[in-house]
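Read the numbers this way: they start at 1 and go in the same order the structure lists the ligands and their atoms. Values below: every heavy atom of this structure, side chains too, minus hydrogens, waters and symmetry copies. Numbers here are sequence positions counted from 1.
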Amino acid sequence: MKRIHFEEIDSTNDYAKKHLDDLMEGFVIDASFQTKGRGRLDHVWKSEKNQNILASFVLKPSVNQSILHQLTQVIAKAIVEVLLSYEVKAQIKWPNDIYVDHRKIAGVLIETIFDKDKRKGVVVGIGLNVFQHAGVNNAICLDECVKVNDDLDLILYKLYQSIFKNYHQWLNGEYTQILEYCNQHAYLKDKSIEYDNKILKVGKLNQEGYIQVINEDLTEQYILINEFSLHAEK
Ligand code: BTN
């Protein structure tokens, strides 16, 4: 594992973005503590020192930009599989969260870096709650689900292996299987959601990154995965 570890840093994603030219694909930047950890939509990602996985993976896939969105599912599957190796059944809450028991155990922040029109690479930032109990904002940690005997280094290594296994399967054209897995582990599937002032039922995610939703009159509609924020009824 090509790893650069920091005891403290502003944000591992920011570091990876800043040094992207010098970082080969496969590098992982991780930290014990972040002073400016970021989540999606400009949210702050807070994590106590040495409690959780805070890591950014450097990828430089030479795939067409039109399918790059699929990487979100590739990473989600990789995280779900790691959790399953601890006998924890997790679900993917689109677009970028991993849930256990209706609570968030991990978040993913994928950032694509361009130089003019040329894509330089992708930074996949993952915050995985491991030991930090009593989480705020509806969070849960792995140690709350099962007694965790592995240390953070080992969990990071398992995550690394899972990510690159799935990533190479994706590069080898196996997205159909990955998508099928993600649909089987989808948190929102068959749930009712509120979108655009309407109550819709969530169906499957398709290859193009759209989620099928069913209107009350049973007509269907497709919503781009990154374009909605959902409030699922429990
Ligand atoms: C989210 O749920 O909104 C995504 C959270 C992503 C957090 C991780 S922690 C490691 C990496 N560095 C950051 O600043 N953010 C990501």
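Nearest to atom 2 (O) of ligand 1 by heavy atom, out of Lys17, Gln34, Lys104, Arg38, is Lys104.
When each atom of ligand 1 is checked for a heavy atom of Asp97 under 4.0 Å away, the hits are 2 (O). Those atoms of ligand 1 with a heavy atom of Gly37 less than 4.0 angstrom away are 14 (O). Set against the non-hydrogen atoms of Gly39, the atoms of ligand 1 under 4.0 Å away are 1 (C), 3 (O), 4 (C), 5 (C). Counting atoms of ligand 1 from 1 in the listed order, those under 4.0 Å from a heavy atom of Ala55 are 10 (C). The ligand atoms of ligand 1 that sit less than 4.0 angstrom from a heavy atom of Val108 are 4 (C). Near Ser11, meaning under 4.0 Å from one of its heavy atoms, ligand 1 places the atoms 12 (N), 13 (C), 14 (O).
Considering both main-chain and side-chain atoms, Trp45 never comes within under 3.5 Å of ligand 1 through any nitrogen or oxygen pair. Polar contact with ligand 1: absent for Lys36 (N/O pair, distance under 3.5 Å).
Cation-pi geometry between Lys104 and Tyr99 is not met: the NZ or CZ atom fails to fall both under 6.0 Å from the ring centre and inside 45° of the normal.
When ring centroids are compared, Tyr187 and His102 come within the 6.0 Å threshold.
Between Glu8 and Lys49 there is no salt bridge, since no side-chain nitrogen of the basic residue lies less than 4.0 Å from a carboxylate oxygen of the acidic one. With respect to the salt-bridge test (charged N to carboxylate O, under 4.0 angstrom), the residues Glu216 and Lys201 do not qualify. Taking the charged nitrogens against the carboxylate oxygens, Arg38 and Asp14 do have a contact shorter than 4.0 Å, which makes a salt bridge.
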* Might you work through the salt bridge (charged side-chain N to carboxylate O under 4.0 Å, His left out) test for Lys158 and Asp150, ending with a clear yes or no? => CA-CA 10 Å; Lys158 288 181 178 176; Asp150 293 348; 2.8 Å; yes
* To do: Output, in order, the C-alpha distance, side-chain angles, deciding distance and verdict of salt bridge (charged side-chain N to carboxylate O under 4.0 Å, His left out) for Lys77 and Glu81.
  => CA-CA 6 Å; Lys77 175 172 181 271; Glu81 286 180 343; 2.9 Å; yes
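Contact annotation: for Asp14 versus ligand 1, there are no heavy atoms closer than 4.0 Å.
At the shortest separation from atom 11 (C) of ligand 1 among protein heavy atoms lies Thr12 OG1, 3.2 Å. Protein heavy atom nearest atom 3 (O) of ligand 1, with residue, atom name and distance: Arg40 N, 2.7 Å.
Taking the six-membered ring where tryptophan is involved, the planes of Tyr160 and Tyr157 are essentially parallel, since the angle between them stays under 30° and well short of 60°.
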